[in-house]
Protein chains: 2
Amino acid sequence: MAAQRVPADQQWLAAYDPRAYAPVAVTVDVVALTLRQGRLHVLLVERGGPPYQGCWALPGGFLRAGEEGLEEAAARELAEETGLHGTAGSDAALSRVHLEQLGTYGAPDRDPRMHVVSVAYLAFAPDLPDPRAGSDAAAAAWHPVASLDLPTAGASGDLPAAGSSGPSAETHGGGLGGRAASEPAGIELAFDHARILADGLDRARAKIEYSPLATAFLGHDFTIPELRAVYEAVWDERLHAGNFHRKVLSVPGFVESIGTTADRGGSRGGPRARQYHAGDAQLLHPPLLRPAREEEVR
Amino acid sequence: MAAQRVPADQQWLAAYDPRAYAPVAVTVDVVALTLRQGRLHVLLVERGGPPYQGCWALPGGFLRAGEEGLEEAAARELAEETGLHGTAGSDAALSRVHLEQLGTYGAPDRDPRMHVVSVAYLAFAPDLPDPRAGSDAAAAAWHPVASLDLPTAGASGDLPAAGSSGPSAETHGGGLGGRAASEPAGIELAFDHARILADGLDRARAKIEYSPLATAFLGHDFTIPELRAVYEAVWDERLHAGNFHRKVLSVPGFVESIGTTADRGGSRGGPRARQYHAGDAQLLHPPLLRPAREEEVR
DNA sequence: ACAATAGTGTCTTTAAGACATTATTTC
DNA sequence: GAAATAATGTCTTAAAGACACTATTGT
């Protein structure tokens, strides 16, 4: 059946003119996460026209075919939206942003206008300045993820299979901590961006278990209590300060002491914490496992 | 600069006619893994024309824009190439194949003819019959992964960031067990398919740590020694039979006894093993961790 | 008979988690 | 001074890994 239309050995040979087929658009969307006032935030832009006019959406745009790779495009979109430049290793703030591919979403009806395949990226950023409404009319802002309505992890159509992400996957209920009952229903996101964001949060929660990337949310120098605050915000769990401290120091290459201490103690008292910067480990061994959730305990 | 060409807030509004931009093609490629004679094999097709004429490549083809989603396309390609049908939950063999998104590859020069964005999927299959050379002239066959030249894990251009995959990522040297020194240089794969396959193997190695998917390589009923053979083939590690047995039985929901025993003992002697089938767990808790490799030990 | 293997038992080591304690800082 | 917090110490429990042992099968 299908073989007649696209014979297997001719797939790559077949007219490479895509106009022979129905057109597809390729876009790149970015789930950019940061920590502000101890809470996890995501960068969103407000849509100025239909469809989903007035809705918030993930920053993104078309891949510049023939000119750039996918990660390059994601870095460009992120730079445009945050107003920061200097991506991979170059200069400035964005050089410290971690960027990785999250997954690709390509249901035929995810955009009402045409078939759009969107490659999603996940970014971990230290506290960045507010995005300039900038070169265009669109609003762009950091939103607390807890203020958004997100689908539960797991089930999805064209998603990057819960898989990939170690022991993560379906575990968490909904968004981080959910919203207080008093709050109005969360903001609605355009297209399937709520699904993408939920997958990104899942990935982030799993990622910091096995990688030192939690440090990407902090400045160059940080204290262990600050690092703990990152884990608590991303996992939406209270962690035991003493055990966390000992655990972090016991993982080789995670953090490296720089001998100094913070300028002040905690906001509510306590001694000044020592300062560290990220070590050279790419993988945490052994990992920092999330506390077991009751639902998954048998 | 960029903002002028694609103003951020107009990206989604901009002419949705992709012909306004340089054309991009979207393809779906599948890394299909199976176990044959205790060794891991991957499904490859031989290219009948340039570029890379005569090279082997991953099975794949164009996304049918507007008609199908990405996973749907991957399942279709896999069915066409294996000659099996009945994908997700329907009937027959393919219903027991696990399929998940691996990552998307979109470097502008990965295909010499035009910018092709390829969404890669990873499939775990029980031992399937040899693919029929089938409807087209192309050869298709299962190849032992050890016979292929694969790049080391980790470094890559547009890859789905080692990330995602728990404690996996860069650890393994090259292909499974590498090739014996006597063998000629491994087969060369077309395009960046060696990179994609290497990423797929990494994902597979990580995935069976946390998920019960190793059972997807086996029939409906299997014994624990058979399951151990899967882990040994995928990880290229010898595992301790006794400890493995106890460990598997201790993970809730991993396997379920069906009371029967295998028809025969091991090929070289020993008692008949009891038979099990996959339990209902989606996640192994606690996981089956790979034995630590010396390189990553500090 | 012999060798290999399935399955179980036991011991050691490592790591996680629950407390407890002391010193230091903010309010 | 009171309360909170950084950092360290101690104890218990769970799990991984090494090893030993028996019972059962194929050659």
Side-chain angles (χ1 to χ4, degrees), chain A residues 38 167 209-210 221-232 235 237-252 254-255 257-276 283-294 296-298, chain B residues 38 167 209-210 221-232 235 237-252 254-255 257-276 283-294 296-298:
Chain A
E209 288 190 303
Y210 301 102
D221 299 335
F222 53 85
T223 67
I224 295 195
E226 283 168 350
L227 183 61
R228 175 163 47 85
V230 173
Y231 278 90
E232 291 185 333
W235 285 346
E237 302 262 10
R238 295 281 302 173
L239 299 179
H240 187 289
N243 289 341
F244 180 86
H245 190 275
R246 180 164 12 91
K247 172 67 183 172
V248 167
L249 291 184
S250 79
V251 177
F254 192 3
V255 300
S257 173
I258 56 177
T260 58
T261 66
D263 293 347
R264 296 181 29 94
S267 58
R268 281 175 292 187
R272 303 178 192 181
R274 298 181 199 137
Q275 293 180 305
Y276 299 82
L283 239 40
L284 302 185
H285 201 73
L288 270 101
L289 297 175
R290 270 174 283 187
R293 291 232 147 192
E294 299 72 30
E296 59 182 338
V297 172
R298 293 160 188 278
Chain B
E209 289 191 303
Y210 300 102
D221 298 336
F222 53 86
T223 66
I224 296 196
E226 283 168 350
L227 183 60
R228 175 163 45 86
V230 174
Y231 278 90
E232 291 185 333
W235 286 347
E237 302 260 11
R238 296 280 302 173
L239 300 179
H240 186 288
N243 289 340
F244 181 86
H245 190 276
R246 182 163 9 92
K247 171 67 183 174
V248 166
L249 291 184
S250 79
V251 177
F254 191 3
V255 299
S257 173
I258 57 177
T260 58
T261 65
D263 293 346
R264 298 181 27 95
S267 58
R268 282 174 291 187
R272 303 180 193 178
R274 298 182 197 134
Q275 293 181 304
Y276 300 82
L283 239 40
L284 302 186
H285 201 73
L288 272 99
L289 296 176
R290 270 174 284 187
R293 291 234 147 190
E294 300 72 31
E296 61 182 335
V297 172
R298 293 161 188 281

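Scope of the values below: all heavy atoms of this structure, side chains included, with no hydrogens, waters or symmetry mates. All of these numbers come straight from a predicted model, not from anything done at the bench.
- For C:dA16, one of the phosphate oxygens OP1 or OP2 lies less than 4.0 angstrom from a side-chain nitrogen or oxygen of A:K247.
- For DNA chain C, if you chain together Watson-Crick or G-U pairs that step i with j, i+1 with j-1 and so on, the runs of at least three with distances under 3.5 Å are C:1-27 with D:1-27.
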Protein-proximity profile, nucleotides 2-11 of chain C, B/S/- by nucleotide at the 4.0 Å heavy-atom cutoff, equals --BBSSBBB-

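- Separation of atoms CD (B:Q275) and CD1 (B:I224) is listed at 11.5 Å; rounding is to 0.5 Å.
- Rounding to the nearest 0.5 Å gives a distance of 10.5 Å between CG of A:L227 and NE2 of A:H245.
- Between A:N243 atom CG and A:L288 atom CG the span is 11.0 Å, to the nearest 0.5 Å.
- Between A:R272 and the choices A:T261, A:T260, A:T223, A:D263, the side chain to side chain contact (heavy atoms under 4.5 Å, CB included) rule is met once, by A:T261.
- In this structure, A:P286 and A:V251 approach most closely via the heavy-atom pair O-CG2, 3.6 Å.
- If you walk DNA chain D from 5' to 3' and mark each nucleotide with an atom closer than 4.0 Å to a heavy atom of chain A, the marks span D:dA4 to D:dT10.
- Across every non-hydrogen atom of B:E209 and B:R290, the tightest pair is OE2-N, 2.8 Å.
- Remark: P of C:dT24 and CG of A:D263 are 18 Å apart, rounded to the nearest angstrom.
- Separating the CZ atom in A:R274 from the CG atom in A:L249 is a distance of 8.0 Å, to the nearest 0.5 Å.
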